[in-house]
Amino acid sequence: MQAAIEAFDRIAAGTYIEGLAIDHLRDIVWYSDVIAGGIHGVKPDGTRVASFNPDRRWTGGVTMNADGAVLSTGEGGIMWNDPESGRSGWLLREIDGQPINGINEMAPDGRGGLFFGTLDIASVIKGEPARPTAIHRMTASGEVIQVAGDIGFTNGLMFDAGRRRLYCNDTFRGTWAFDVADDLTASNRRMILDKEDADGMALDADHNLWITGFRSNALTRLAPDGTRLADCPTPGGAITQVRFGGADMRDVYVNSVPVDGGDTLKEGGEITARNSFLYRGRSGTPGLKLDLPRFRLD
C-alpha cells in the first residue's frame with residue numbers, strides 16, 4: 001500500500017540538492033546544493049528570490065531562525081544569513097574550544113535553541129570512511145551540550161516536543177529514537193528502522209515520521225509507536241530531504257538526486273550534471289509546524 005501525494009511540480013534544479021527549509025512567514029523555500037555550492041531561495045511556484053554563500057559547499061542542513069535569518073551547516077560550523085539586510089556571520093564555530101570539522105542536520109528544540117549533528121566532513125570530501133559523530137544541543141543563549149555520542153554518521157534530525165521524542169538518522173544504519181526529559185537530555189536510545197540509506201526526515205501533524213533515503217524513491221513513514229505506514233512515492237530519483245509548507249501545511253517539498261549520486265560521493269567520485277531537482281506536491285496529511293530557534297544574531 002502506498003500513500004499518495006498529488007500533483008508534483010518541479011520548481012528548482014541543481015547538482016546535488018540537500019538542505020531544505022521553509023520560511024512560512026515570507027513563503028520562501030530555501031535549499032542548499034552541496035556540490036555546486038550556495039543557499040538558494042524560491043517561491044512555491046519556482047520564482048527565484050535570492051542566493052548567498054555561493055562558494056560554500058557541503059551544506060547539509062538549512063533551517064530558519066525566528067527573525068527570518070537562514071541558518072546553514074557545513075564545514076566549520078553553522079552560519080547565518082539575513083536575506084533582507086544582506087548581513088551574515090557565524091552562529092557556531094567551536095565546541096569545547098575546538099574548531100568544528102563539520103555539522104550536518106539541525107532541528108529546533110522547542111525552547112529557542114536547536115539540536116544538531118556533527119559530521120566528519122574532511123573525510124567525506126576525501127571519499128574516506130567518516131569517523132563517529134554526535135548529537136548536540138545549542139541553547140538559545142549559546143551553550144552547547146552533547147546529547148548523544150557514537151553515532152556512525154548523523155543525518156536527518158527531528159524533535160517531537162509534544163511526545164518528548166528525538167529522532168536521528170544514522171545514514172548507513174537506520175533511524176534512532178530517544179526519549180527526552182524536561183531538561184532536554186536524551187535516554188532510552190533504540191533503533192526503530194533499519195535503513196542503509198537513511199537521509200532526511202520530517203514530522204506530520206499526526207506525529208508520524210517521514211524518512212528519506214539517498215538511494216530510495218519512496219518516503220518511508222513510521223507511526224509514533226514504530227508501526228510501518230504506507231510508503232509515499234515521489235516523481236523520480238532518490239530523495240535527500242522532505243519538508244512541509246503552505247498556509248495549511250499540506251504543501252510537501254522533496255529534494256531529488258540521482259539514485260547513484262550518494263554512493264558516488266561516498267566513494268570520492270564527482271557529480272557535474274544538473275540532475276537534482278526540488279519538487280512541490282500536495283499531501284493529504286498536513287505537516288507539523290515546529291517552533292523556530294530564536295538566536296540573537298550580531
Side-chain angles (χ1 to χ4, degrees), residues 5-74 78-88 105-108 156 199-202 210 212 214 219 232 234-258 261 271-283 286-287 289-290 292-293:
I5 294 180
E6 299 177 357
F8 269 113
D9 294 313
R10 185 185 296 180
I11 62 172
T15 305
Y16 199 96
I17 299 176
E18 181 72 43
L20 186 60
I22 312 300
D23 183 338
H24 299 285
L25 183 61
R26 297 162 187 81
D27 205 21
I28 300 173
V29 185
W30 295 100
Y31 65 93
S32 69
D33 191 322
V34 297
I35 300 303
I39 307 293
H40 312 280
V42 295
K43 287 290 189 177
D45 64 1
T47 302
R48 294 184 181 182
V49 175
S51 294
F52 41 81
N53 303 345
D55 298 323
R56 192 181 192 213
R57 303 171 66 211
W58 305 105
T59 293
V62 182
T63 196
M64 300 303 302
N65 200 48
D67 63 0
V70 181
L71 308 180
S72 60
T73 65
I78 302 174
M79 289 190 67
W80 60 269
N81 293 80
D82 183 342
E84 294 187 358
S85 69
R87 296 186 309 122
S88 64
E105 286 281 4
M106 305 172 284
D199 206 334
M201 63 169 65
W210 296 47
T212 73
F214 66 84
L219 306 176
C232 180
T234 63
I239 305 301
T240 58
Q241 191 55 282
V242 55
R243 290 287 183 264
F244 291 93
D248 59 2
M249 291 296 287
R250 292 181 187 271
D251 287 349
V252 59
Y253 296 89
V254 297
N255 295 336
S256 171
V257 298
I271 300 175
T272 58
R274 288 174 58 83
N275 289 327
S276 181
F277 305 103
L278 171 60
Y279 289 95
R280 172 179 176 256
R282 289 286 292 171
S283 170
K289 202 172 212 179
L290 304 176
L292 295 178

Heavy-atom pair with the smallest gap, counting every atom of [X] and [Y]:
X    : Y    : result
S283 : W210 : OG-CH2, 3.8 Å
H40  : G37  : NE2-O, 3.1 Å
P286 : D248 : CB-O, 3.6 Å

N/O donor-acceptor pair under 3.5 Å between S276 side chain and S256 backbone: yes
Donor-acceptor contact present, side-chain D23 to main-chain R26, <3.5 Å: yes
[atom1] of [X] to [atom2] of [Y]: how many Å apart, nearest 0.5 Å?
X    : Y    : atom1 : atom2 : result
I39  : T59  : CD1   : OG1   : 4.5 Å
R243 : T212 : CZ    : OG1   : 9.0 Å
L219 : I5   : CG    : CD1   : 5.5 Å

Pairing residues for W30 by the ring pair (Phe, Tyr, Trp, His ring centres under 6.0 Å) criterion, not counting sequence neighbours: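 W30: ring pair (Phe, Tyr, Trp, His ring centres under 6.0 Å) contacts with F52.
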Where at least one partner belongs to residues 13-22, residue pairs that pass side chain to side chain donor-acceptor pair (under 3.5 Å), sequence neighbours excluded: none
Can you find a pair of side-chain heavy atoms, one from [X] and one from [Y], that are under 4.5 Å apart?
X    : Y    : value
M106 : P293 : no
W80  : R87  : yes
M64  : V70  : yes
D199 : Q241 : no
N255 : Y279 : no

Side chain to side chain contact (heavy atoms under 4.5 Å, CB included) between V62 and Y31, intermediate numbers included: CA-CA 7 Å; V62 182; Y31 65 93; over 6 Å; no
D27 and K43: CA distance, side-chain angles, deciding distance, side chain to side chain contact (heavy atoms under 4.5 Å, CB included) verdict: CA-CA 6 Å; D27 205 21; K43 287 290 189 177; 4.2 Å; yes
